[in-house]
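I have placed the structure first, in the form of structure tokens, so that the comments after it can refer back to it.
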Amino acid sequence: MRVLVTGANGMLGRDLCTHCVPDSIEIIPTDITGDVTRLDITNPGNVRSVIGDARPDVVIHCAAYTQVDQAETDPITAYRINALGAEIVAQETARAGGAMCCISTDFVFDGTAARPYHEYDMPNPLGVYAASKLAGELAVARHCPRHWIVRTAWLYGIHGRCFPAAILRAARSGKPLRVVADQCGSPTYTRDLAQALWSVIATPTYGTYHAVNAGQATWYEFACSVLREGGMPDAEITPIPGSDWPSPAKRPGFSVLTSVRPELSGRHPMRHWQAALSDYIKALGDAEAGLDAA
Ligand SMILES: NC(=O)c1ccc[n+]([C@@H]2O[C@H](COP(=O)([O-])OP(=O)(O)OC[C@H]3O[C@@H](n4cnc5c(N)ncnc54)[C@H](OP(=O)(O)O)[C@@H]3O)[C@@H](O)[C@H]2O)c1
């Protein structure tokens, strides 16, 4: 099966292209920059020629504008990439006879639920990034009939800026940490998500899926686990309310995801986020040791 990946140099894209790729898959990595096939998802001609030439069976769409706070002051760029870009990729994937797997976010929900959000809950995005991602979901559903929309959350991985890496960096520099303790979500390791995505696209059971590591945590609980796993259990860390950490974009207070339809794709539930975090910390250590040795 030929699988074209957009945003292949991003945090998720890089793990997707290298981690647990089934033998039967031939990957065509693309991104707007870097050492892969150049694909600007906002450029219809570019998208038509790259997807038309590659004729992939599936496009996994990881490319996105992911700067949640910056989106509030630059909504046009957020919508151009997350909504228009997804629409163009969906149109050209359908035209080339392929199916599309589009990665979306827990932020499509407003966070007022008293239980984890499942696939049939109603989105109600709070900020520009979230609204632009929801617009992308709707465009994909409209323009590419054979689609999977996979919502995930609180991603972290080896290849990119992410919360656990920032916590470790700050703790190593001896900075006292203040971390929000009243926002709760589903921390998810990109390598686990990559594995889940390979399993989702293996069957033509199209539709919307939630794919996150099991369990839930506040940012504060997540940070405490990072410090423990990272060998710094005594680092100074204080829980604070979100109101003490003002940010331009409103974020859902509770955006834990669950799935009521994993059996449709024959997927196993993903492991608990703490087990995934432990593997991430080991992989990060290996990557840092490799860099030191180089
Ligand atoms: N990170 C999270 O916590 C999180 C949570 C839930 C869902 N998601 C979703 O998961 C997906 C992957 O996220 P991620 O964290 O891996 O994102 P990321 O690291 O920001 O990667 C996105 C990639 O898309 C590329 N890109 C930007 N504009 C493009 C364009 N016009 N054409 C083609 N490529 C373009 C970026 O290139 P440049 O870097 O050069 O701009 C980057 O390589 C996204 O759909 C995101 O919305 C992420």
Side-chain angles (χ1 to χ4, degrees), residues 4-19 28-47 50-51 59-71 74 76-89 92 100-109 117 123 125 127-137 139-140 148-166 183 185-194 196-197 209-213 219 222 249 251-252 255-257 273 280:
L4 185 144
V5 176
T6 70
N9 284 330
M11 185 168 68
L12 173 62
R14 284 184 65 177
D15 270 345
L16 185 64
C17 292
T18 54
H19 196 71
I28 304 146
T30 71
D31 207 313
I32 192 162
T33 54
D35 54 351
V36 293
T37 300
R38 187 172 182 285
L39 178 69
D40 176 355
I41 59 166
T42 65
N43 179 330
N46 183 206
V47 176
V50 170
I51 293 184
V59 171
I60 304 185
H61 182 51
C62 301
Y65 179 93
T66 52
Q67 294 158 74
V68 176
D69 286 322
Q70 211 167 302
D74 191 7
I76 299 299
T77 305
Y79 276 99
R80 278 185 60 75
I81 297 174
N82 291 342
L84 175 71
E87 179 168 343
I88 293 170
V89 172
E92 296 308 327
M100 178 168 175
C101 175
C102 175
I103 313 304
S104 192
T105 171
D106 57 326
F107 277 23
V108 297
F109 297 112
Y117 286 93
V128 170
Y129 163 78
S132 69
K133 290 293 293 181
L134 180 60
E137 284 189 11
V140 169
W148 305 265
I149 285 159
V150 178
R151 295 193 187 119
T152 190
W154 291 30
L155 284 185
Y156 61 92
I158 303 294
H159 310 287
R161 290 168 178 274
C162 61
F163 179 78
Q183 284 169 19
S186 305
T188 300
Y189 186 19
T190 44
R191 288 192 178 171
D192 287 24
L193 177 61
L197 291 172
Y209 291 92
H210 288 178
V212 289
N213 280 124
W219 290 112
F222 188 17
R251 287 164 167 77
S255 61
V256 178
L257 298 184
W273 66 266
Y280 162 79

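In this text the structure is predicted, and so the values were computed from the model without any measurement. Both ligands and their constituent atoms are indexed starting at 1 by order of listing.
Contact between Ser104 and ligand 1 is present, with at least one heavy atom of the residue lying under 4.0 Å from the ligand. Distances shorter than 4.0 angstrom do not occur between any heavy atom of Tyr65 and any atom of ligand 1. Taking a 4.0 Å cut-off on heavy atoms, Phe107 fails to register as neighbouring ligand 1. The closest approach between Cys62 and ligand 1 falls below 4.0 Å for a heavy atom of the residue.
At a distance under 4.0 Å, a protein heavy atom can be found next to atom 43 (O) of ligand 1. Note that atom 24 (O) of ligand 1 has protein non-hydrogen atoms nearby, at separations under 4.0 angstrom.
Ion pairing between a basic and an acidic side chain is recognised when a charged N comes within 4.0 Å of a carboxylate O; Arg80 and Asp74 show no such pairing.
Of all protein heavy atoms, the one lying nearest to atom 16 (O) of ligand 1 is Leu12 N, 2.8 Å. Remark: minimum distance from atom 8 (N) of ligand 1 to any protein heavy atom is reached at Tyr129 OH, 3.9 Å. Nearest non-hydrogen protein atom to atom 10 (O) of ligand 1 is Ile103 CG2, 3.3 Å. Of the protein's non-hydrogen atoms, Trp154 N, 3.8 Å is the one closest to atom 5 (C) of ligand 1. Shortest contact from atom 15 (O) of ligand 1 to any protein heavy atom: Met11 CE, 3.6 Å. Looking at atom 38 (P) of ligand 1, its nearest protein heavy atom turns out to be Ile32 CG2, 4.3 Å.
The aromatic rings of Trp273 and Phe222 stand perpendicular to each other, their planes meeting at an angle above 60°, with 30° marking the opposite boundary.
Checked against the 6.0 Å centroid threshold, Tyr189 and His19 do not count as a close aromatic pair. Centroid-to-centroid, the aromatic rings of Trp219 and Phe163 come within less than 6.0 Å.
Across all non-hydrogen atoms, the minimal contact from Gln183 to Pro252 is CG-O, 4.1 Å. Nearest approach of Asn9 to Gly34, heavy atoms of both residues: ND2-CA, 3.5 Å. Taking every heavy atom of both residues into account, Ala211 and Val150 meet most closely at CB-CG1, 3.7 Å. Closest approach of Glu87 to Ala139, counting heavy atoms only: CB-CB, 3.7 Å.
No part of His61 comes within 4.0 Å of ligand 1, judged by heavy-atom distances. Contact annotation for Ile81 and ligand 1: only side-chain heavy atoms (C-beta onward) come within less than 4.0 Å of the ligand. If you look at Phe163 next to ligand 1, there are no close heavy atoms at all, none under 4.0 Å. For Ala8, no heavy-atom contact with ligand 1 is shorter than 4.0 Å.
If you check each of Thr190, Thr152, Asp15, Ile41 against atom 6 (C) of ligand 1, the one with the closest non-hydrogen atom is Thr152. Between atom 31 (N) of ligand 1 and the options Leu39, Val36, Asp40, the minimum heavy-atom separation is to Asp40. Distances from atom 4 (C) of ligand 1 to the heavy atoms of Leu155, Leu257, Val68, Thr33 put Leu155 nearest. When the heavy-atom distances from atom 27 (C) of ligand 1 to Gly10, Gly13, Ala64, Ala63 are ranked, the shortest goes to Ala64. With atom 13 (O) of ligand 1 as the reference point, the heavy atom nearest to it among Thr66, Leu16, Val212, Asn46 is part of Thr66.
Any N or O atom pair closer than 3.5 Å counts here, and Ala153 shares no such pair with ligand 1. By the 3.5 Å distance cut-off applied to N or O atoms, Asp31 is counted among the residues near ligand 1. Looking at Asp106 next to ligand 1, no N or O pair under 3.5 Å apart turns up.
Set against the non-hydrogen atoms of Gly7, the atoms of ligand 1 under 4.0 Å away are 23 (C), 24 (O). Residue Asn9 approaches ligand 1 through these ligand atoms, each under 4.0 Å from one of its heavy atoms: 43 (O). Heavy-atom contacts of Lys133 reach the following atoms of ligand 1: 44 (C), 45 (O), 46 (C), 47 (O) (cutoff under 4.0 Å).
Within the 4.5 Å cutoff, side-chain heavy atoms of Pro164 are placed close to those of Tyr280. With a 4.5 Å cut-off on side-chain heavy atoms, Arg38 and Ile32 count as touching. In this structure, the side chains of Leu197 and Cys101 come closer than 4.5 Å at one or more pairs of heavy atoms. Inter-residue side-chain proximity for Leu39 and Leu4 is flagged as met; some heavy-atom pair is nearer than 4.5 Å. Counting heavy atoms from C-beta on, the side chains of Val5 and Val36 never come closer than 4.5 Å.
To the nearest 0.5 Å, the span separating OH on Tyr156 from CG on Leu193 amounts to 11.0 Å. To the nearest 0.5 Å, the span separating CZ on Phe109 from CZ on Arg151 amounts to 4.0 Å.
Each of Asn46, Val47, Val50, Ile41 was scored for a side-chain contact (heavy atoms from CB on, under 4.5 Å) with Glu92, with one residue passing: Val47.
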